[in-house]
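Data block below; observations after.
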Amino acid sequence: MYMLTIYFNLLSVDCYHSATMTAFPDDRHDLAAMFVPLARALVAREEPALLAHDISMWGYVVLTALAEQPVRTQAALAQAIGADKSRIIGVLDDLQQRELIKRQPDAADRRVHLLSLTPAGDRLRRSVEAAIRASEEEVLATLPAGDREAFLRSLKSLFECYRAPAS
């Protein structure tokens, strides 16, 4: 699961709000107008889990990306998570100091650092993910079971179609 930079970018999008009316007879808002408030609410619900586990959103994004692709260069990681290479250096330093990731020179090119998740990093990532999933269950519980399954299936399909390609 990629958190994408959407998490961060959505927080600054002020043009979408629920009062927007539509001219179409189905009285449906634009997709972005419906997703942005939901995404904001979901991101806000993740904050307590992140705080409880003493990790930043960017730290969790890095751990998740490394779980999906176990070894990455810093540049490939930055591209995969939509972060500037220089922006994540402090995050990587913190995660390395806490022994949640390993950063070692590439034998083929000593200017390049390879990143990998440590067992402690994977345990932390799994724990945060479980806490986030529990919070998401509260949100999903507002939907009838059949709608919930269809919503998750459809959302996963859209995500797979529009997610950034793996680097």
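The model shown is predicted, which means the values in this text are computed figures rather than measured ones.
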- Query: Hey, does Leu100 have a side-chain heavy atom less than 4.5 Å from the side chain of Val62?
  - Reply: no
- Item | Asp54 side, atom CG; Leu124 side, atom CG - distance, nearest 0.5 Å | 8.5 Å
- Message: If the condition is side-chain hydrogen bond (donor to acceptor under 3.5 Å, both in side chains), which residues does Ser116 pass it with, not counting sequence neighbours?
- Response: none
- side-chain hydrogen bond (donor to acceptor under 3.5 Å, both in side chains) filter on Glu138, not counting sequence neighbours, yields Arg45
- Message: Donor-acceptor pair, distance only, cut-off 3.5 Å: does the side chain of Ser127 make one with the backbone of Arg123?
- Response: no
- Message: Taking side-chain contact (heavy atoms from CB on, under 4.5 Å) as the definition, give me every residue that meets it alongside Ala67, ordered by chain and number, with sequence neighbours left out.
- Response: Leu117, Asp122, Arg125
- Query: With sequence neighbours left out, what residues match Arg103 under side-chain hydrogen bond (donor to acceptor under 3.5 Å, both in side chains)?
  - Reply: Gln74, Asp93, Gln96
- Query: Can you name the side-chain contact (heavy atoms from CB on, under 4.5 Å) partners of Arg148, sequence neighbours left out?
  - Reply: Glu137, Leu140, Leu143, Leu152
- Heavy-atom closest contact (Ala49 atom, His53 atom, distance): O-ND1, 2.7 Å
- What pairs with Ser154 under side-chain hydrogen bond (donor to acceptor under 3.5 Å, both in side chains), at least two apart in sequence or on another chain? none
- Task: Apply salt bridge (charged side-chain N to carboxylate O under 4.0 Å, His left out) to Asp106 and list each qualifying residue two or more places apart in sequence or on a separate chain.
- Result: none
- Task: Check step by step if salt bridge (charged side-chain N to carboxylate O under 4.0 Å, His left out) holds for Glu129 and Arg126.
- Result: CA-CA 5 Å; Glu129 183 178 55; Arg126 288 175 187 267; over 6 Å; no
- Are Met34 and Leu155 grouped together when hydrophobic residues (ILVMFWY) are joined by side-chain heavy atoms under 4.5 angstrom apart? yes
- Can you list the residues that meet the salt bridge (charged side-chain N to carboxylate O under 4.0 Å, His left out) rule with Asp109, with sequence neighbours excluded? Arg111
- Note on the structure: Heavy-atom nearest pair, Ala65 first then Ile81, reads CB-CG2, 3.7 Å
- Task: Taking side-chain contact (heavy atoms from CB on, under 4.5 Å) as the test, write out the residues that go with Arg153, two or more places apart.
- Result: Glu149, Ala150
- Using side-chain contact (heavy atoms from CB on, under 4.5 Å) as the criterion, list what pairs up with Thr73, not counting sequence neighbours. Ala75, Ala76, Val112, Leu114
